**Student:** 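Handing you a structure now.
Computed from heavy atoms alone, side chains included, the values below leave out hydrogens, waters and symmetry copies. Treat the numbers as computed from the prediction; the structure is a model and nothing was measured.
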Amino acid sequence: MLGLANAFSAPAGSAAFVLGLALSSSGLLLTFDDVHEDGLRRDMLVVAHLAKRPDGTRVGQIGTALGLRNRAVARSLDRLATDGLVVLEAEGEPLALRSYRLAD
């Protein structure tokens, strides 16, 4: 936030303004990178959990086993399904009861 504060307190076009804006932007990019890495790490945990259960398992069971919220598990499973790595077995179920397995 220091970079952003410097950007707004300095005259536009000055070195302090440009540096402040650059610092605040780089901080935002680092934050987005961290969020992306967390998502990838969570996806890896979900795949590893599904690999131990070839017949599939439910979102709620995955969340409980991994200590994650059902919504976070569902986001990972949606990404993995879009990539063709997992298959939704029980459509039309409430979130916690949806069952997934690894794709063949």
**Student:** Over all heavy atoms of both residues, which pair between N70 and A96 is shortest? Give the atoms and the distance, please.
**Tutor:**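 That would be ND2-CB, 3.5 Å.
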
**Student:** Just to verify, which of L45, L77, L85 counts as forming a side chain to side chain contact (heavy atoms under 4.5 Å, CB included) with L50?
**Tutor:**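 Running side chain to side chain contact (heavy atoms under 4.5 Å, CB included) over L45, L77, L85 with L50 returns exactly one hit, L77.
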
**Student:** Closest approach of A72 and R42, non-hydrogen atoms and distance?
**Tutor:**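 Taking every non-hydrogen atom into account, O-NE, 3.4 Å.
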
**Student:** Which pair of non-hydrogen atoms, one from V46 and one from S76, has the smallest distance, and what is that distance?
**Tutor:**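 Shortest heavy-atom separation between V46 and S76 comes out as CG2-CB, 4.1 Å.
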
**Student:** Can you tell if the side chain of L68 reaches within under 4.5 Å of the side chain of I62, non-hydrogen atoms only?
**Tutor:**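 No. Closest side-chain heavy atoms not under 4.5 Å.
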
**Student:** Assigning hydrophobic clusters by single linkage (Ile, Leu, Val, Met, Phe, Trp, Tyr; side-chain heavy-atom cutoff under 4.5 Å), is M44 placed with V59?
**Tutor:**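 Different hydrophobic clusters.
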
**Student:** Sort and list the pairs that fulfil salt bridge (Lys or Arg N to Asp or Glu O under 4.0 Å) and have at least one residue in residues 48-65, not counting sequence neighbours.
**Tutor:** none

**Student:** Show the nearest heavy-atom pair for residues G56 and S99, with the distance to one decimal.
**Tutor:** C-OG, 4.4 Å

**Student:** Which heavy atom of A74 sits nearest to which heavy atom of L95, and what is that distance?
**Tutor:**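 Minimum heavy-atom separation between A74 and L95: CB-CD1, 3.3 Å.
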
**Student:** First locate atom CD of E93, then atom CG of L88, and finally report the distance between them rounded to the nearest 0.5 Å.
**Tutor:**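 The distance works out to 9.5 Å.
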
**Student:** Do Y100 and L97 sit in one hydrophobic cluster, given that two such residues count as connected whenever their side-chain heavy atoms are within less than 4.5 Å of each other, even indirectly?
**Tutor:** no

**Student:** Output the distance between atom CZ (R101) and atom OG1 (T57), rounded to the nearest 0.5 Å.
**Tutor:** 13.5 Å

**Student:** Can you name the nearest heavy-atom pair linking G84 to A103, along with the distance?
**Tutor:** O-CB, 3.3 Å

